[in-house]
Amino acid sequence: MKRISITVPTSYDIILESGALSRVGEFLSEIYSPRKVCIIADSTAGSLYSETVSASLKESGFTPSRVLFPAGEHSKNLTTYANVMEALASENLSRSDIVLSLGGGVVTDIAGFVAGTYMRGIDLVHVPTTLLSAMDASVGGKAAVNLLQGKNLAGIFWHPRMVICDPDTFKNLRESQIQDALAEGVKNATISDASLISKIQEGDLEYMLERSLSIKKSLVEVDSNDKGLRQLLNFGHTIGHCIEKASSYSVSHGQSVAIGMVAEAKGAFAMGYTKNDISGELEKILKSLGLPTELRYTAEELYKYALIDKKISDGMIALAVPESIGKCTLKKVTLAELEEFFNRACD
Ligand code: GLY
């Protein structure tokens, strides 16, 4: 078993252990006495894992209940959020009870937003069952739903009290879901560790997960509210989120980030924000992993969505600019410069 502790400023543990799903109750007993635990899951994770988690919770004296919603990015909206909130109230969940997310990034986001706002905030535990949510969404406290106008526009920072990850669940993922995680792995390598690329190409997913968590930990611990260095994690996401929205979420998050990273690297060089054009190198790496790199949208089609990016503040936005594979810096630009950046990136 591995444990990574993260301090934001309260500390919580990320537990990585094969078979952890059937020990969820035991792990929760380390920090909680018996109480109600509402499992929030999507239809996929719910049918695969909620029985195991419920049984483990009962064995340790907790009282589990379950709220399910349909799997997929299209569920990440205010309607699902409201339905889950009302389900918690119908269960008479109190402020001293626990919300437990079980699933991928969509579940993590909805459960986090619900936990942070139900009765002005109750405790949250994440049990990510996809590699991507284990590497990213379950750690760092970002929780949001999409609005019609764009991705992740309604949300909160709400940190979990514990993250319990059972890598055995990754065996049930589709190849495309693994590839989505590889795109985030390449992003983490590009922002801070070039040597991670060869590990990803060798298929060492365990190493990729642990190294990605340590990179994320180092950024979140110095900037939990995403006002400074944490924004490096947005490399590929400024354009990536616009691609997701423009495609009505038919291009997955990982695919969009892959395409977004190549485009942003190209745009950053063309704008003179970096001396090196690493877009070709990135393209080769991403293609070797089976990820798409070709941008099928014009700057005009994408830029309108960038204007509602929540990172815009006082008419400025910070872009993560790659100097080389392994080193990114932040560059603050005006909206006029952002538009030009999109033009050059999508050229
Ligand atoms: N997913 C990027 C972050 O948590 O900041």
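Atoms within each ligand, like the ligands themselves, are counted from 1 in listed order.
- Protein heavy atom in closest approach to atom 3 (C) of ligand 1: Lys142 NZ, 3.3 Å.
- Paired with Tyr49 under the rule side chain to side chain donor-acceptor pair (under 3.5 Å), one option of Thr44, Asp166, Asp168, Asn172 passes, and it is Asn172.
- For the pair Asp226 and ligand 1, the shortest N or O to N or O distance does not fall below 3.5 Å.
- At a 4.0 Å heavy-atom cut-off, ligand 1 touches Lys216 through the side chain alone.
- A cation-pi arrangement is found for Lys199 relative to Tyr207, the charged atom lying closer than 6.0 Å to the ring centre and inside a 45° cone about the ring normal.
- Where the criterion is an N or O separation shorter than 3.5 Å, residue side chain and backbone included, Asp136 meets it with respect to ligand 1.
- Close approach of ligand 1 to Leu233 is summarised as follows: ligand atoms under 4.0 Å from at least one heavy atom of the residue are 2 (C), 3 (C), 5 (O).
- The structure places OG of Ser252 at 9.5 Å from CZ of Arg174, a figure rounded to the nearest 0.5 Å.
- Val321 pairs in a side chain to side chain contact (heavy atoms under 4.5 Å, CB included) with only one of the listed residues (Thr274, Val333, Leu330), which is Thr274.
- Counting heavy atoms from C-beta outward, Val99 and Val125 have side chains that stay 4.5 Å or more apart.
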